[in-house]
Amino acid sequence: MEKDVIISFEDFGFHYTAQAEPTLYNINLNIRKGEKVLIAGPSGCGKSTLAHCINGLIPASYEGKITGKLTVAGQDAQKLGLFGLSKIVGTVLQDSDNQFIGLTVAEDIAFSLENDCVERQDMHRQVEQAAALVGVEQVLRHAPHEISGGQKQRVGLAGVMVNQVDVLLFDEPLANLDPATGKQTIELIDRIQQRTGCAVIIIEHRLEDVLYRKVDRVVVMNEGRIRFDGTADHLLCSSVLQESGIREPLYVTALKYAKVQLTPEMHPAFLPELTLSKEQKAKVCRWFYGQPIPQPAPQAPTLLEVRDLDFTYEKGTHALRGINVTIRKGEMLSIVGTNGAGKSTFSKAVCGFVTPQKGTLTLSGQDLSALSIKERADRIGYVMQNPNQMICETHIFDEVALGLRNRGIPEAQVKVRVEATLKICGLYPFRKWPVSALSYGQKKRVTIASILALAPDMILLDEPTAGQDFAHYTEIMEFLRELNKQGITVALITHDMHLMLEYTPRAVVFHNGQIVADKSAAEVLNDPEIVEQANLKETSLYHLAMECGIDDPEAFTRRFIAEDQEVRAR
Amino acid sequence: MTNLFNYIDRPSPIHRLTGASKLFCLILWSLAAMSGFHTPLLIALTLASVMLFKLSKIRVKDISFMLGATMIFLVLNNLLIYLFSPEHGVEIYGSRTVLLEGFGRYTLTAEQLFYHLNVVLKYTCTIPIVLLFVCTTDPSEFAASLNRVGVSYRISYAVALALRYIPDIQREYHDIALAQQARGVEMSKKARLTDRLRSVSKILIPLILSSMERIDTISNAMELRGFGKNPKRSWYSGRPFTRGDMAAMAVCVALMVLSLLLTVLNGSRFFNPFI
């Protein structure tokens, strides 16, 4: 074995006791000291299982059969065990909220030191150093609910860095962050790696966001096997991504639509270093000007009208100020902004979960303030982020029927309406199944169906695609688009800039309890000021358009979305 | 969000005591107050508790809500005592001095009034101490000091962990309840008890399911950072026992002994001014 290899898989396989088929087959992979590796792949490809093998949760927490060999820092991983591995590999989990164990930031960072019985003075010093390294030294005494999601993740990172680990393992670090914070996280990981010389492994399916900073190598997994192991430049010039169901960066897709032949020498993996020849730029321009730019759809009659809405929480925090917004029939729109910007409070006010101090809400001309939560739900349905937060019946039919039965509708009619809803949602064949037998995406469908059964005019969804890979994302969003085509107005709270561009013609941007922009998604993302203010992220299409000398990046974006939809509909 | 501990960080001698010794003092103090009806002792304890409160720099407005709640209990408790046994004082003190004739059995006697005074005093000498404990004890330090006095660190940490996640789970319960109400799950008090129980299950099932996911993550996160590796662990927020702790505990032991002594010397749990 090479001397500078820190993690080495040799003919490694893993089979969960509870599953029929192995999850990992024949893995041969070396990770060198100080290397930065991205492991990408769709959900269920085995990338999380691979991570669990590296940090020792397999076999400590998950039972199964291991074949082949895994060596970490020259020692057999199984002999090191979970605790031995935790001294070498520091893991930052995806759920930054629930991995926050301490009552304050300082205690959380100190957690592993405490478990190592480090003396108090030493501990306080080490905690301060680690906090300074990730930039949370100002909030050491804060409780978890007093800091932002990005800060929580930094605390999680500091909590493993106190161990002086050699490998940092990030399990989907971008899943719960807003776009700008995600960008900062990638910058931070880059900085920490350069400062400490740790090897960094990032498990993530959002390729474009990780490639915001250079990585040494990308490993693509699919169906339990390694499909690709090489540089990002080579990966983007291959067809591995399409075959594995991972979304390629938007600018790469755009170049392909423009029939630009990509080669690794052009450095397509790192946008600032992408080199395009004159002919190639001309190709992009020809593609852009070659087709008419799609125009926004004409305006439909008003459905929901919100006027001068103000809401203050009991503690005196101003959550919403002077909100004015009009949602039209049959629209599909995104509500975006940082956590705490007012998106969730706004949706709660619309659903009647909180009562605004000031302002009016009217739906098709009817004042909503007189209606109870239940009555409003007949008109506006609300779907929570995690389907497990809604499902309370054991059978799909009963779950979808719950709202109707609670409204005292005769059983015969309930049956008709539930079956019709199940058909729309593609769940009819499963109607007799127990909910527990469904996948996450199917459960999501069930919760949407349970709301649709009430036949609302509009549905409001909280982060419908959070934590989903490209395939599931597409499945959920195409389903919502289909519903939208059938006349249901759809509003989505989201952090996903791709979603906003691709599926919602309009975006409402919240910042500090106010609406700072309400225009087309393409316009929002091509407006650097709003992008900066609301913690969004400009699309790479913007940079590509600039690079090619196209002075209307917004039209360029719309042109791209139109073509992309056409291609994917095929 | 309401929390069991309402820690208010201010520099004071009370804050400097460790959580375990404060818990020990709280228990002894309450026992001393609860074990008998020795009016002079109760008055002395009330005065002392008010002084301790001053010393702790906790202000009345910090605890106005909890104070209000206990006041309601105090009034309710006294009303119920009078309603169900208006002659309780007479039974205890063995004499009957009528001050006012009322309706039927509801007369007002000096003995009954004195008994009520004692009940009130019990509240006034223990409640400030309980609030003091709640407001001056840093929960993490409390966990650390529990471990120090011999409680297993797994159990001590469970205390801290519960405090960490209770607000999250409360918030989640609230969100789920609202979403289920929107689906027509009846939560109002109008519904029959059986219906309401069924409604609660509609909230608890999702809550339990999502809490299971949460527990999974937490236990993984804890193990990945070495929890349970060693038979012992150190504590970031731990504090050594000081002479102040010893003194406070000694005083409370003395109080307990005094209370017992009074009972023995008096031959009864009741201080009786009517003989």
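Below, each value reflects all heavy atoms present in this structure, side chains not excepted, and no hydrogens, waters or symmetry copies. So that the names make sense, note that chain A is the first sequence line, chain B the second, and so on, each numbered from 1.
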Contact origin within [X] toward chain A - heavy atom pairs under 4.5 Å:
X      : answer
B:I176 : both
B:Q180 : side chain
B:R239 : backbone
B:P231 : neither
B:Y157 : side chain

Salt bridge (Lys or Arg N to Asp or Glu O under 4.0 Å) assessment of B:R233 paired with A:D116:
CA-CA 6 Å; B:R233 84 195 290 275; A:D116 278 334; over 6 Å; no

Check the pair B:E213 / A:N388 against side chain to side chain donor-acceptor pair (under 3.5 Å), numbers first and verdict last.
CA-CA 9 Å; B:E213 286 174 31; A:N388 285 341; 2.2 Å; yes

Can you see whether B:S140 engages A:E107 through a side-chain donor-acceptor pair at a distance of less than 3.5 angstrom?
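There is such a pair (donor and acceptor under 3.5 Å, judged by atom type) between the side chains of B:S140 and A:E107.
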
Polar side chain donor-acceptor pair, B:N220 to A:Y62, under 3.5 angstrom:
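Side-chain D/A pair, B:N220 to A:Y62: present.
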
B:Y236 versus A:A110, closest heavy-atom pair with distance:
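Shortest heavy-atom separation between B:Y236 and A:A110 comes out as CD1-CB, 3.5 Å.
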
For side chain to side chain contact (heavy atoms under 4.5 Å, CB included), just list the numbers for A:L402 and B:K202, CA-CA rounded to whole Å, side-chain angles, deciding distance to a tenth of an Å, and then say yes or no.
CA-CA 10 Å; A:L402 178 72; B:K202 296 271 180 288; 3.4 Å; yes

Test item: B:S234 side-chain N/O and A:E119 main-chain N/O as donor-acceptor pair under 3.5 Å:
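Pair absent, no side-chain N/O of B:S234 close to backbone of A:E119.
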
Between A:N163 and chain B, which part of the residue has a heavy atom less than 4.5 Å away: side chain, backbone, both or neither?
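Looking at A:N163, nothing touches chain B.
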
When you look at A:Q389 and B:E172, which way does the side chain to side chain contact (heavy atoms under 4.5 Å, CB included) test go after all the steps?
CA-CA 8 Å; A:Q389 287 177 316; B:E172 193 166 2; 3.2 Å; yes

Assess the residue pair B:T217 and A:Q99 against the criterion (side chain to side chain donor-acceptor pair (under 3.5 Å)); give the C-alpha distance rounded to whole Å, side-chain angles, the decisive distance to 0.1 Å, and a yes or no.
CA-CA 7 Å; B:T217 315; A:Q99 73 174 305; over 6 Å; no

Ion pair check, A:D108 and B:R225, cut-off under 4.0 Å:
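The answer is yes: the pair qualifies as a salt bridge.
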
Looking at B:L178, B:D9, B:I205, B:L161, which makes the most heavy-atom pairs under 4.5 Å with chain A?
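Sorted descending by pairs with chain A, the first entry is B:L178.
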
Using 0.5 Å steps for rounding, measure from the CG atom of A:N115 to the OH atom of B:Y153.
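Answer rounded to 0.5 Å: 6.5 Å.
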
I'd like to know whether the aromatic ring centres of A:F100 and B:Y165 sit less than 6.0 Å apart in this structure.
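No, ring centres 6.0 Å or more apart.
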
